[in-house]
Amino acid sequence: MKENQLHELLFLDPVCTHNIWGGTRLREEFGYPVEGDGIGECWGISAHPEGDGTVRSGSFQGEKLSGLWDKHPELFGNLPYDRYPLLTKIIDAQDDLSIQVHPDDAYAQVYENGSLGKTECWFICDCAEDAAIVIGHNARTKEELEEMVRQGKWTELIREIPIHKGDFLQIDPGTVHAIKAHTLILETQQNSAITYRLYDYDRLQNGKSRELHIDKSLDVITVPAKSAQESVKSANGLPENELNQIYACGKYTIFKLDVNGNASFEQKYPFLAASVLEGAGTMNGAEVRKGDHFIIPCGFGKVEGNGNMSLILSTVES
């Protein structure tokens, strides 16, 4: 591999999906070339079989991210994972999403054909002034949880908390959660598509109810739930032109970078997966704008941003 290939930003063409609850913002605001309405998700940086991003330009143009991971592990710091570990999405919810829960790695390994579990987090890009989100529940014991679920006591069970633009929420496996209507989020998660649907507001899709996963949900839901105060924090008001760490756990580390003029930092991580959520500018001379997703590879060196833009970045432990 040539040395200069470690100094290229890896821009990705994302994969977008249509969803019953989606809208048109991903096309109209972010410029993704997707036909039709109901565009719910943009898998911006993904090497999952259901959505594998393609390198847009440069030395690796046309390569799938999964192939790049396999053939050029040095770009990602020669990590000991069997697949690219993360999945970065932008989600445009124009209707309420179903109420869900995800398993951890151990449960998914046994019951989901060796899949990873799903730890994830949300950065609120935009929402209504009086917005809320579903996170957690009100059951005090496993028995109470099962009783409330089996009897359909959803309003008693489900906990909603207020959110604001710029909030950050960590969603551990076992956490009951759902995005509500008119909310735009950036989600960083493990590279997994395992979701257990607990409740779907009795909606019909093509005349039928969507599948629920009650027994598996009851298996994995954490009781009692984390408090509302522990579930959300603001990522507003951080220093400009600095790579600000906003969260770290065993599955990922999340940063926010607000460029106003000039910003620079050293790329000292196995890789950095970056998404531009607002504004425009340049990164090491390459033009970037709202909706762009790219990977800064291992050994890239000094990263220099210019312009006026806001990014969320992620990496994993080596």
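- Side chain of His293 to main chain of Ser275: no donor-acceptor pair is present (N/O by atom type, distance under 3.5 Å, no hydrogens or angles).
- A salt bridge between Glu147 and Lys153 is present, with a side-chain N of the basic residue lying under 4.0 Å from a carboxylate O of the acidic one.
- Within a 6.0 Å radius of CD in Gln205, other residues, nucleotides and ligands contribute more than 12 heavy atoms.
- When only modelled atom types and interatomic distance are considered, Glu304 and Asn284 share no side-chain donor-acceptor pair under 3.5 Å.
- Looking only at atom types and distance, the side chain of Thr119 has a donor-acceptor partner in the side chain of Gln190 under 3.5 Å away.
- The pair Lys290-Glu29 counts as a salt bridge, with a side-chain nitrogen and a carboxylate oxygen less than 4.0 angstrom apart.
- Nearest approach of Ser318 to Leu79, heavy atoms of both residues: CA-CD2, 3.5 Å.
- Between Leu272 atom CG and Leu10 atom CG the span is 12.0 Å, to the nearest 0.5 Å.
- The minimum heavy-atom distance linking Ile179 with Ile133 is given by the pair CA-CG1, 4.1 Å.
- Judged purely by atom type and a 3.5 angstrom limit, Asp105 uses its side chain to pair as donor or acceptor with the backbone of Gly117.
- Residue Leu26 holds its CG atom at 5.0 Å from CG of Asp92, rounded to the nearest 0.5 Å.
- The number of heavy-atom neighbours closer than 6.0 Å to NZ of Lys268, taken from other residues, nucleotides and ligands shown, is 12 or below.
- Nearest heavy-atom pair across Ala108 and Leu116 is CB-O, 3.6 Å.
- Ser66 and Asp52 share a side-chain donor-acceptor pair at under 3.5 Å.
- For residues 75-86, there are no side-chain hydrogen bond (donor to acceptor under 3.5 Å, both in side chains) pairs, not counting sequence neighbours.
- When every heavy atom of Cys125 is checked against every heavy atom of Glu278, the shortest pair comes out as O-OE2, 4.4 Å.
- Between Arg140 and Glu144 there is a salt bridge, since at least one side-chain N of the basic residue sits less than 4.0 Å from a carboxylate O of the acidic one.
- Interatomic distance, Thr188 OG1 to Glu120 CD, rounded to the nearest 0.5 Å: 9.5 Å.
- Side chain to side chain, Asn19 and Thr17 meet the donor-acceptor criterion of an N or O pair below 3.5 Å.
- The aromatic rings of Tyr252 and Tyr247 sit tilted relative to each other, their planes meeting at an angle between 30° and 60°.
- Taking 4.0 Å as the cut-off between side-chain N and carboxylate O, Arg56 and Asp292 count as a salt-bridged pair.
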**Request:** Please step through salt bridge (charged side-chain N to carboxylate O under 4.0 Å, His left out) for the pair Glu317 and Lys251, ending with a clear verdict.
**Result:** CA-CA 8 Å; Glu317 293 176 355; Lys251 304 302 181 187; over 6 Å; no
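- Here the side chain of Thr175 pairs no donor or acceptor atom with the backbone of Ile171 at under 3.5 angstrom.
- Hydrophobic cluster membership differs between Leu186 and Ile124, with clusters built from Ile, Leu, Val, Met, Phe, Trp and Tyr side chains linked at under 4.5 angstrom.
- The pair Asp258-Lys256 meets the salt-bridge criterion, with a side-chain N (NZ, NE, NH1 or NH2) lying under 4.0 Å from an Asp/Glu carboxylate O.
- Phe11 and Phe294 have tilted rings, their planes meeting at an angle from 30° to 60° on a 0 to 90° scale.
- Residues Val259 and Val288 fall within the same hydrophobic cluster, defined by Ile, Leu, Val, Met, Phe, Trp and Tyr side chains chained together at heavy-atom separations under 4.5 Å.
- Taking the charged nitrogens against the carboxylate oxygens, Glu35 and Arg27 have no contact shorter than 4.0 Å, which rules out a salt bridge.
- With hydrogens and angles disregarded, no donor-acceptor distance shorter than 3.5 Å links the side chain of Asn191 to the backbone of Leu87.
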**Asked** Can you list the steps and then say if Ser209 with Leu204 is a side chain to side chain contact (heavy atoms under 4.5 Å, CB included)?
**Response** CA-CA 5 Å; Ser209 301; Leu204 300 179; 3.6 Å; yes
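- Taking each heavy atom of Ser314 and Thr88 in turn, the nearest pair found is OG-OG1, 4.3 Å.
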**Request:** Start with the C-alpha distance between Asn262 and Asn241, add both sets of side-chain angles, then the distance that settles side chain to side chain contact (heavy atoms under 4.5 Å, CB included), and finish with yes or no.
**Result:** CA-CA 7 Å; Asn262 305 307; Asn241 302 321; 5.9 Å; no
**Item:** Residue pair Thr183, Asp126: steps toward the side chain to side chain contact (heavy atoms under 4.5 Å, CB included) verdict
**Value:** CA-CA 6 Å; Thr183 308; Asp126 196 20; over 6 Å; no
**Prompt:** side chain to side chain contact (heavy atoms under 4.5 Å, CB included) between Ile90 and Tyr32: does it pass, once the steps are laid out?
**Reply:** CA-CA 11 Å; Ile90 299 176; Tyr32 301 130; 3.7 Å; yes
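- Looking at Lys89 and Glu41, a side-chain N of the basic residue comes within less than 4.0 Å of a carboxylate O on the acidic one, giving a salt bridge.
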**Message:** Run Tyr269 and Phe255 through ring pair (Phe, Tyr, Trp, His ring centres under 6.0 Å) and show every step you take.
**Reply:** CA-CA 12 Å; Tyr269 305 96; Phe255 305 91; 5.1 Å; yes
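- Taking the charged nitrogens against the carboxylate oxygens, Lys180 and Glu160 do have a contact shorter than 4.0 Å, which makes a salt bridge.
- Looking only at atom types and distance, the side chain of Lys118 has no donor-acceptor partner in the side chain of Ser192 under 3.5 Å away.
- Other residues sharing a hydrophobic cluster with Val223 under the 4.5 Å side-chain heavy-atom criterion for ILVMFWY residues are Ile99, Val101, Tyr107, Val110, Tyr111, Val134, Leu145, Met148, Val149, Trp154, Leu157, Ile158, Val176, Ile194, Tyr196, Leu198, Tyr199, Tyr201, Leu212, Ile214, Leu218, Val220, Ile221.
- Closest approach of Leu257 and Glu242 over heavy atoms only: CD1-O, 3.4 Å.
- In summary, of the residues considered (Ile296, Leu313, Ile295), a side chain to side chain contact (heavy atoms under 4.5 Å, CB included) with Phe271 occurs for Ile295 alone.
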**Check against side-chain hydrogen bond (donor to acceptor under 3.5 Å, both in side chains), Glu28 and Thr24** = CA-CA 6 Å; Glu28 291 164 3; Thr24 55; 3.2 Å; yes
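- Separation of atoms CD1 (Ile20) and CD (Gln94) is listed at 14.0 Å; rounding is to 0.5 Å.
- Defined by atom type and a distance below 3.5 Å, a donor-acceptor pair is present between the side-chain atoms of Glu8 and Ser59.
- Here the side chains of Leu12 and Thr54 are not in contact, with every heavy-atom distance at 4.5 Å or above.
- Linking ILVMFWY residues whenever their side-chain heavy atoms come closer than 4.5 Å, directly or via other members, leaves Leu86 and Ile91 in distinct clusters.
- Hydrophobic clustering places Leu68 together with Val316 (ILVMFWY residues linked when any side-chain heavy atoms are closer than 4.5 Å, directly or through intermediates).
- A distance of 10.5 Å separates CD1 in Ile185 from CZ in Phe168, rounded to the nearest 0.5 Å.
- Between Arg203 and Asp200, at least one side-chain nitrogen of the basic residue sits less than 4.0 Å from a carboxylate oxygen of the acidic one, meeting the salt-bridge criterion.
- Cluster annotation: Trp43 is not connected to Ile45 through the hydrophobic network of ILVMFWY side chains, with a link wherever side-chain heavy atoms come within less than 4.5 Å.
- Rounding to the nearest 0.5 Å places CD of Glu211 at 11.5 Å from OG of Ser98.
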**Request:** Report the C-alpha separation of Glu74 and His72 in whole Å, then their side-chain angles, then the decisive distance to 0.1 Å, and conclude whether the side-chain hydrogen bond (donor to acceptor under 3.5 Å, both in side chains) test is met.
**Result:** CA-CA 5 Å; Glu74 66 278 9; His72 292 288; 3.0 Å; yes
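- With a 6.0 Å radius and a threshold of 12 heavy atoms from other residues, nucleotides or ligands, Glu129 has its CD atom at or below the threshold.
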